[in-house]
Number of protein chains: 2
Amino acid sequence: MSTSSDQSNSDAQDSVPKAVVSRLSLYLRELQHLIRDGRDTTSSTQLGSMLGLTDAQVRKDLAYFGQFGYPGVGYRCAELVSEIKKILGTDQRWHVLLVGVGNLGRALLGYKGFGQQGFRIVAAFDTDRSKSGKEFEGVRVYHLDDLARVVAEQNIRLAMMAVPSEAAQPVVDRLVSAGIQGIMNFVPVTISVPDGVRKVGVDLAIELEQLSYAVVKSGEKV
Amino acid sequence: MSTSSDQSNSDAQDSVPKAVVSRLSLYLRELQHLIRDGRDTTSSTQLGSMLGLTDAQVRKDLAYFGQFGYPGVGYRCAELVSEIKKILGTDQRWHVLLVGVGNLGRALLGYKGFGQQGFRIVAAFDTDRSKSGKEFEGVRVYHLDDLARVVAEQNIRLAMMAVPSEAAQPVVDRLVSAGIQGIMNFVPVTISVPDGVRKVGVDLAIELEQLSYAVVKSGEKV
DNA sequence: TAGATTGTTAATCGATTAACAATC
DNA sequence: TAGATTGTTAATCGATTAACAATC
């Protein structure tokens with residue numbers, strides 16, 4: 001479900017299932033916790049049990065990308081962290097922009113977790129001219145009309161979008177033509193992007209709905 | 001024609017795949033857009049193409065829960081919306097609390113999308129006593145020590161958590177013993193909950209990592 | 001060496017797609 | 001009736017788990 005027009009072959013030789021990549025991020029997170037706790041090595045069994053997965057699945061997932069473990073020993077945490085970062089592309093630093101400096105947008109600007117994983121929000125955009133030139137959380141706000149210029153100047157490849165629903169698709173079109181390669185969409189709307197541009201959607205209400213379903217269902221069972 | 005509990009196994013817990021339930025939320029979202037656009041009916045083909053899914057998958061997904069369509073006609077949008085809401089449990093209103101009135105927490109308090117889907121944040125909690133008694137976005141902030149009392153008084157079943165990493169598991173334990181049945185976790189940490197309590201995790205940095213992976217990979221392919 | 005744990009192949013399980021009779 | 005579209009069964013495809021030789 002990563003691209004809009006999946007009927008063609010935009011993800012052509014995907015070969016790595018999407019679920020595997022998202023578990024990779026979870027492994028990374030747990031490994032970083034293990035390192036913080038002073039652990040040098042771990043095993044597929046340990047990693048799996050931290051996340052509720054089988055050991056076989058952990059090994060199989062990693063095997064998509066190479067051989068990172070040592071038979072009889074396990075995985076060296078620091079080494080595996082750096083391998084996973086290489087795979088995810090977070091061994092490099094990414095410049096990210098934000099469109100929509102509202103409620104949610106400002107929270108994203110202040111969110112510490114991005115920087116820790118290699119993402120830096122370097123510019124924000126809004127159509128409200130009264131915000132232009134201001135800074136929030138140390139990030140300069142530009143008018144949306146300056147998008148293409150700033151993207152080029154600051155070498156920005158990823159965008160986060162937190163705008164009103166009606167604005168979503170028009171903003172996406174502008175992001176795409178400014179050369180943005182990936183969009184993280186917080187607007188509860190299905191956006192469409194051309195082949196070659198990636199998107200990820202985060203719909204907070206949908207997550208709550210999933211929770212509601214799970215709670216109701218587990219209630220019925222009793 | 002459609003309804004409820006026929007045989008012993010009808011909408012029993014023949015474990016509907018998680019992926020199906022999350023697509024259900026997407027169908028709901030698209031249906032609500034269609035209704036806003038004045039459409040009365042739709043089809044599995046239309047719904048599918050809006051989301052990049054096959055028509056067969058749409059029909060199969062819905063078939064887990066009943067017969068909601070009309071051969072030769074399609075689905076009546078309003079009717080299907082109400083059926084899906086019933087399934088997800090959002091035909092009723094849910095009282096939700098928030099723990100952690102920081103950056104992200106305050107944005108969640110102000111997020112309009114929850115209310116539109118039947119969720120109402122009725123109380124917020126923090127350990128910072130200087131916040132106690134204040135209101136943010138019209139929501140009263142309590143000290144965490146008042147958790148159990150307020151949960152009981154206001155009949156709260158769901159919680160959102162946006163606290164520092166170290167606080168996450170202790171807060172979870174308090175939520176559980178206060179009787180909370182589902183937790184939406186914004187802290188980038190794996191929390192553990194007892195059987196009978198549900199959780200959903202939203203890790204913003206992980207979503208960006210998925211995007212980064214997709215962008216890097218599609219770059220390599222060319 | 002004995003014990004631990006990997007990477008990988010084969011077996012199992014589950015989810016998606018295709019096809020079509022039934023229906024409006 | 002002819003055309004459209006459902007619900008569902010069967011066929012295909014993909015992902016997870018089990019098992020084990022290879023390795024340290």
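Residue numbers start from 1 in every chain, and the chains themselves are labelled A, B, ... in the order their sequence lines are given, proteins ahead of strands. Side chains included, hydrogens not; waters and symmetry mates left out as well; all remaining heavy atoms used.
No donor-acceptor distance shorter than 3.5 angstrom exists from the side chain of A/R120 to the backbone of A/V122, with no hydrogens or angles considered. For B/H95 (side chain) and B/Q154 (main-chain N/O), a donor-acceptor pair under 3.5 Å exists by modelled atom type.
Taking atom CG of B/L47 as the reference point, atom P of D/dT5 lies 13 Å away to the nearest angstrom. We find that CZ of A/R59 is positioned 14 Å from P of C/dT9, with the value rounded to whole Å. Here the C1' atom of nucleotide C/dA11 and the NZ atom of A/K60 are 12 Å apart, to the nearest Å. The NZ-C1' distance, from A/K18 to D/dG14, rounds to 16 Å in whole Å. Rounding to whole angstrom units, OH of residue A/Y64 and P of D/dG14 are separated by 10 Å. The distance from atom CG of A/L51 to atom P of D/dT16 is 14 Å, rounded to the nearest whole Å. Atom CG of B/D61 is separated from atom P of C/dT17 by 10 Å (rounded to the nearest Å). Following rounding to the nearest Å, B/D55 (CG) and C/dT17 (C1') show an atom-to-atom distance of 9 Å.
Within 4.0 Å (heavy atoms only), A/S44 reaches sugar-phosphate atoms of the nucleic acid but no base atom.
Smallest separation of non-hydrogen atoms from B/L97 and B/I156: N-CG2, 3.7 Å. Shown here for B/L108 and B/I121, the closest heavy-atom pair between the two residues is O-CD1, 3.6 Å. The shortest heavy-atom contact between B/Q210 and A/S25 is NE2-OG, 3.0 Å. A pairwise comparison of heavy atoms in A/I191 and A/A168 identifies CG2-CB, 4.3 Å as the closest pair.
Within residues 68-84 of chain A, the residues that place at least one heavy atom under 4.0 Å from DNA chain C are, in residue-number order, A/F68, A/G69, A/Y70, A/P71, A/G72, A/V73, A/G74, A/Y75.
Between A/K86 and A/D91 there is no salt bridge, since no side-chain nitrogen of the basic residue lies less than 4.0 Å from a carboxylate oxygen of the acidic one. Under the 4.0 Å criterion applied to side-chain N and carboxylate O atoms, A/D203 and B/R29 are assigned as salt-bridge partners.
For the pair B/A19 and A/A63, both in contact range of DNA chain C, the more 5′-proximal nearest nucleotide belongs to A/A63. Taking the nucleotide of DNA chain D with the nearest heavy atom to each of A/T54 and B/T45, the more 5' of the two is matched to B/T45.
With a 6.0 Å cutoff to the six-membered ring centre and a 45° limit on the axis angle, B/R76 counts as a cation-pi contact of B/Y70.
Secondary structure note: stems in DNA chain D built from 3 or more consecutive Watson-Crick or G-U wobble pairs under 3.5 Å occupy C:3-24 with D:3-24.
Applying the 4.0 Å criterion to OP1 and OP2 of D/dG7, one finds that B/Q67 has every side-chain N and O outside that range.
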